[in-house]
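This report refers to the structure that appears directly beneath it.
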Amino acid sequence: WGLIYPYQDTSDGAMGIGDFDNGYDNNVWSSIDVPLNTSGLSGRLAYDISFNFAFETEEGWDYMYFVIWDPVAERVIHSSSFTGSSNGLQTHTRSISGLGHVDEVIMAFQFESDSEVTKGFGAFIDDIVITSRESDTPTDFFFPAQWSFENDGTFSEFAVEDADIDMLSAWTVTEGTDDVVVVIMDDGVDFDHPDLAPNAWVNPGEDLNSDGVITPDEENGIDDDGNGYVDDFHGWYTNYDTNEYLTSGSFHGTHVAGTVGAASYNGIGVAGVAPGVKLASVMFFDEDGNADAASILGAYSCITALLEQGV
């Protein structure tokens, strides 16, 4: 067993770490760096984690919080908690399955209780086991809630099995390819979102070094591809005739873009129906959600220019 919150005498008589006027209340996290072994596996991987934890308190409510962090990608890949009533020694096993791809794992734990921790004890973690496996089911965090894509009948008591679009079956034919560009003609797309950034279309006529990344020297205020739109890297904003793809009112378009082509198997957000395609934005609503005939016609003109450009 690895001790994560040791017993300690405090001036107010409670046991633990810190100032516990209301029992064991600790905001300090303990963490464990856990190695991964993916030898012999290839393709899309999912991770399953199990571990035991134990603590001993007087009668009261106890809370254990778990966070699993990928320090390479700098993102949380799982968070959950355990809540229960205890009186004496408590031991539990926790299993978390279907986590998305990670490069490295740090597990962080926090224990709290509204009663005193029994003298001489504390909170402990043991038997951390992480297994890797190949997975045909997207590991995106909210995929289990995307019942319209794949419905196994367990989403709710009212769920109807197979009342869906059979997305995974369609993926055996294609998930979309990056030579297909889907234009989101809406109120803008947040291409800074980690689920959308990998699939953001970059205009090759404005990407001067063809590396798929827009650099400051390429934001030159010149219509490099001659299509009538200056620096239209990801699309165009017809209301103000600029290359912006995001405003304070950009909500619906981002949602639509995620439905169409959010990256999949990355352990975060949702899975898009066609995660292999590229996404462009033609924004014709202003930040208040208003549009007029000129902005709508301008949006169609922009799409026409893209088609004539060979996009």
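We use all heavy atoms of the structure for the numbers below, so side chains are in, but hydrogens, waters and symmetry mates are not.
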A quick test of your reading: do over 12 heavy atoms of other residues, nucleotides or ligands sit less than 6.0 Å from CG of D288?
yes

Please tabulate, one pair per line, all N/O donor-acceptor pairs under 3.5 Å involving side-chain atoms of residues 300-311, not counting sequence neighbours.
| unit_1 | atom_1 | unit_2 | atom_2 | d |
| --- | --- | --- | --- | --- |
| S301 | OG | L297 | O | 3.1 |
| T304 | OG1 | Y300 | O | 2.9 |
| Q309 | OE1 | N227 | ND2 | 3.1 |
| Q309 | NE2 | N203 | OD1 | 3.0 |
| Q309 | NE2 | D225 | OD2 | 3.0 |

By ring-ring contact (aromatic ring centres under 6.0 Å, His included) - contacts of Y237 (at least two apart)
Y240

Criterion side chain to side chain contact (heavy atoms under 4.5 Å, CB included) on N266 and T139, from CA distance to verdict
CA-CA 7 Å; N266 60 0; T139 56; 6.0 Å; no

Is the number of heavy atoms from other residues, nucleotides or ligands within 6.0 Å of CH2 (W171) greater than 12?
yes

Hey, quick one: are I296 and F285 part of the same hydrophobic cluster, counting side-chain heavy atoms closer than 4.5 Å, chains of contacts allowed?
yes

Just by distance, do the side chain of T238 and the backbone of S295 share a donor-acceptor pair under 3.5 Å?
yes

Return the OG to CG distance between S135 and D48, rounded to the nearest 0.5 Å.
9.0 Å

If you measure only the distance, is there a donor-acceptor pair under 3.5 Å linking the side chains of D186 and H252?
yes

Apart from V260 itself, members of its ILVMFWY cluster (side-chain separation under 4.5 Å) are V180, V182, I184, V189, F191, L196, Y245, L246, V256, V277, L279

Under 3.5 Å, side chain of D164 to main-chain N/O of N151, donor-acceptor pair present?
yes

Spacing of CH2 belonging to W236 relative to OG1 belonging to T242, to within rounding of 0.5 Å
6.5 Å

